[in-house]
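Quick notes on the structure that follows.
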Amino acid sequence: MSDDLLHAAREVRENAYAPYSHFKVGAAVRGASGTVYAGCNVENVSYPEGTCAEAGAIAALIAAGETELTEALVIADAPHPVSPCGGCRQKLAEFARHDVPVTMTTTSGDSMTVTIGDLLPAAFDQSHMDR
Ligand code: THU
């Protein structure tokens with residue numbers, strides 16, 4: 001796991017807005033340029049309108065003009081590493097090759113690294129739209 005991603009995700013997690021779940025999450029992704037982008041979960045009183053930390057980090061990468069991520073990390077205060085939700089797996093897959101590593105870590109340091117392909121085998125992609 002890369003220290004700069006861990007540091008960025010740990011720091012942004014402090015700003016997470018999670019008054020409903022009380023479950024703060026931080027995420028960081030590395031763009032192809034090497035730059036690190038971070039995001040936290042932002043909940044909403046209308047629950048489905050909340051956004052995950054991974055979505056925030058991806059939005060920052062896109063806003064900066066990048067289109068590819070080469071590494072991702074997510075951190076939460078949980079007994080075991082928390083893996084990205086289904087929607088975030090699809091969001092990560094949109095901008096990453098299947099072999100890109102995704103590290104899931106807890107605030108106490110328990111961590112696990114898998115690939116996006118592990119998280120989302122048989123991903124929905126453009127080939128499904130060919131006619
Ligand atoms: N959450 C994330 O931000 N990322 C994950 O990988 C798992 C879940 C957020 C969504 C919601 O705000 C809270 O954690 C509880 O599900």
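All ligand and atom numbering here is 1-based and tracks the order in the structure.
Note on residues 54-65: no pairs pass side-chain hydrogen bond (donor to acceptor under 3.5 Å, both in side chains), not counting sequence neighbours.
Within a 6.0 Å radius of NE2 in His80, other residues, nucleotides and ligands contribute 12 heavy atoms or fewer. Around CG of Asp99, the count of heavy atoms belonging to other residues, nucleotides or ligands within 6.0 Å exceeds 12.
At a 3.5 angstrom cut-off on N or O pairs, Thr51 does not count as close to ligand 1. The shortest N/O to N/O separation between Val25 and ligand 1 does not fall below 3.5 Å.
Given atom 13 (C) of ligand 1, the protein heavy atom at minimum distance is Glu43 OE2, 3.5 Å. For atom 7 (C) of ligand 1, the closest non-hydrogen atom of the protein is Val82 CG1, 3.9 Å. Taking atom 10 (C) of ligand 1 as the reference point, the nearest protein heavy-atom neighbour is Cys52 SG, 4.0 Å. The protein non-hydrogen atom at the shortest distance from atom 9 (C) of ligand 1 is Asn41 ND2, 3.6 Å.
Proximity to Ala53 (heavy-atom distance under 4.0 Å) selects the following atoms of ligand 1: 2 (C), 3 (O). For ligand 1, the atoms closer than 4.0 angstrom to any heavy atom of Glu54 are 2 (C), 3 (O), 4 (N), 5 (C), 6 (O).
Looking at Ser21 against ligand 1, only its side chain comes within 4.0 Å, counting heavy atoms. Here Ser83 has backbone heavy atoms under 4.0 Å from ligand 1, and that is the only part of it that gets that close.
Heavy-atom separations between Pro84 and ligand 1 include at least one value shorter than 4.0 Å.
Taking both residues in full, the closest heavy atoms of Arg97 and Ile116 are given as O-CB, 4.1 Å, listed atom of the first, atom of the second, then distance. Summarising the geometry of Phe23 relative to Val82, their closest heavy-atom pair is CZ-CG2, 3.7 Å, with the distance given to 0.1 Å.
Of the N and O atoms on the side chains of Asn44 and Ser46, not one donor lies less than 3.5 Å from an acceptor on the other residue. A donor and an acceptor atom, one from each side chain of Thr103 and Thr105, are nowhere located under 3.5 Å apart. Side-chain contact, Arg89 with Ser83: a donor N or O sits under 3.5 Å from an acceptor N or O.
Distance remark: protein heavy atom not present below 4.0 angstrom from atom 16 (O) of ligand 1.
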